[in-house]
Amino acid sequence: MGCCSGRCMLILLCCVQLITAVERQVFDFLGYQWAPIMVNFFHIIMVILGLFGAVQYQSRYVVTYLLWMFVWIGWNVFVSCLYLDLGGLSKDSHILSLGVSSHSSWWKNNGPGCYSHSLPSDRWQDNQNPKLTTVLSCWVKYQYIEVLHCSMQLLVSVSPCRVSVNLVH
């Protein structure tokens with residue numbers, strides 16, 4: 001067995017995908033984005049299943065993982081379109097929080113170089129109310145950071161699809 005066999009590449013790509021999915025899950029939890037939290041959790045389970053299939057030579061697990069990758073690619077395209085306001089979607093809608101809360105992306109107030117200003121309020125002396133915080137400027141807008149996350153997931157997701165097809169046959 002060579003060092004760069006299809007199986008080893010699939011294991012490596014699954015590990016990279018697992019790391020990036022956990023990172024994305026953390027930021028979705030910080031922003032109370034409930035739909036991405038559920039989809040990311042299911043994605044983590046499917047990547048672990050694909051990793052197990054690659055390690056144990058179980059082709060049906062690898063096929064299940066491969067089928068999930070197509071759903072995952074579709075999800076990331078949907079989220080990218082949502083944040084870029086394409087196709088009648090709007091980043092200001094509460095689709096990703098499932099309408100449960102009015103929270104948005106964590107990056108909206110905490111992005112790189114964001115300078116925010118809290119409005120004075122007598123009820124929120126020690127705590128910062130996100131509704132009373134106004135972001136004045138950021139180096140990069142939050143929707144572009146979210147699209148960058150989706151693009152990274154798309155890039156990492158397309159590679160295992162190519163390796164998995166060769167591995168299953």
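Computed from a predicted model, the values in this text were never measured in an experiment. Excluded from the calculations below are hydrogen atoms, water molecules and symmetry mates; all remaining heavy atoms, backbone and side chain alike, are included.
- Ile45 and Leu13 are assigned to two separate hydrophobic clusters, defined by single-linkage of ILVMFWY side chains at heavy-atom distances under 4.5 Å.
- Taking all atoms of both residues into account, the shortest heavy-atom contact from Ser157 to Gln17 is OG-NE2, 3.1 Å.
- Put simply, SG on Cys14 and CE on Met46 are 11.0 Å apart, with the number rounded to the nearest 0.5 Å.
- From Glu23, atom CD reaches atom CE of Met152 across 5.0 Å, with rounding to the nearest 0.5 Å.
- The ring-ring contact (aromatic ring centres under 6.0 Å, His included) test applied to Phe41 returns no partner, not counting sequence neighbours.
- Evaluation of the side chain to side chain contact (heavy atoms under 4.5 Å, CB included) rule for Leu148 yields no partner, not counting sequence neighbours.
- One finds the CG atom of Leu66 at 11.5 Å from the OG atom of Ser59 (value rounded to the nearest 0.5 Å).
- From Ile73, atom CD1 reaches atom SG of Cys150 across 12.5 Å, with rounding to the nearest 0.5 Å.
- Under the 6.0 Å cut-off for aromatic ring centres, Trp75 and Phe78 qualify, their centroids lying closer than that.
- The two residues Ile11 and Ala54 make their nearest non-hydrogen contact at CG1-CB, 3.8 Å.
- By the criterion of side-chain heavy atoms lying less than 4.5 angstrom apart, applied directly or through intervening Ile, Leu, Val, Met, Phe, Trp or Tyr residues, Ile145 is not grouped with Ile19; the two fall into different hydrophobic clusters.
- Distance check, rounded to the nearest 0.5 Å: CD of Gln143 to CG of Asp85 gives 7.5 Å.
- Test Tyr61, Tyr57, Tyr65 against Phe52 for ring pair (Phe, Tyr, Trp, His ring centres under 6.0 Å) and you get one pass: Tyr61.
- A perpendicular orientation is assigned to the rings of Trp68 and Phe42, their planes being inclined by more than 60° (bins at 30° and 60°).
- Under the 4.5 Å side-chain heavy-atom criterion for ILVMFWY residues, a single connected hydrophobic cluster contains both Leu18 and Val39.
- The closest side-chain heavy-atom distance from His43 to Pro36 is not below 4.5 Å.
- Residues passing the side chain to side chain contact (heavy atoms under 4.5 Å, CB included) test with Ile37 are Gln25, Asp28, Phe29, Trp34, sequence neighbours excluded.
- A single hydrophobic cluster is not seen to contain both Leu51 and Leu67; linkage of ILVMFWY side chains at heavy-atom distances under 4.5 Å, directly or through other members, places them apart.
- Smallest separation of non-hydrogen atoms from Arg7 and Val55: NH2-O, 3.1 Å.
- Separating the OG1 atom in Thr20 from the CD1 atom in Ile44 is a distance of 9.0 Å, to the nearest 0.5 Å.
- By the criterion of side-chain heavy atoms lying less than 4.5 angstrom apart, applied directly or through intervening Ile, Leu, Val, Met, Phe, Trp or Tyr residues, Val26 is grouped together with Trp72 in one hydrophobic cluster.
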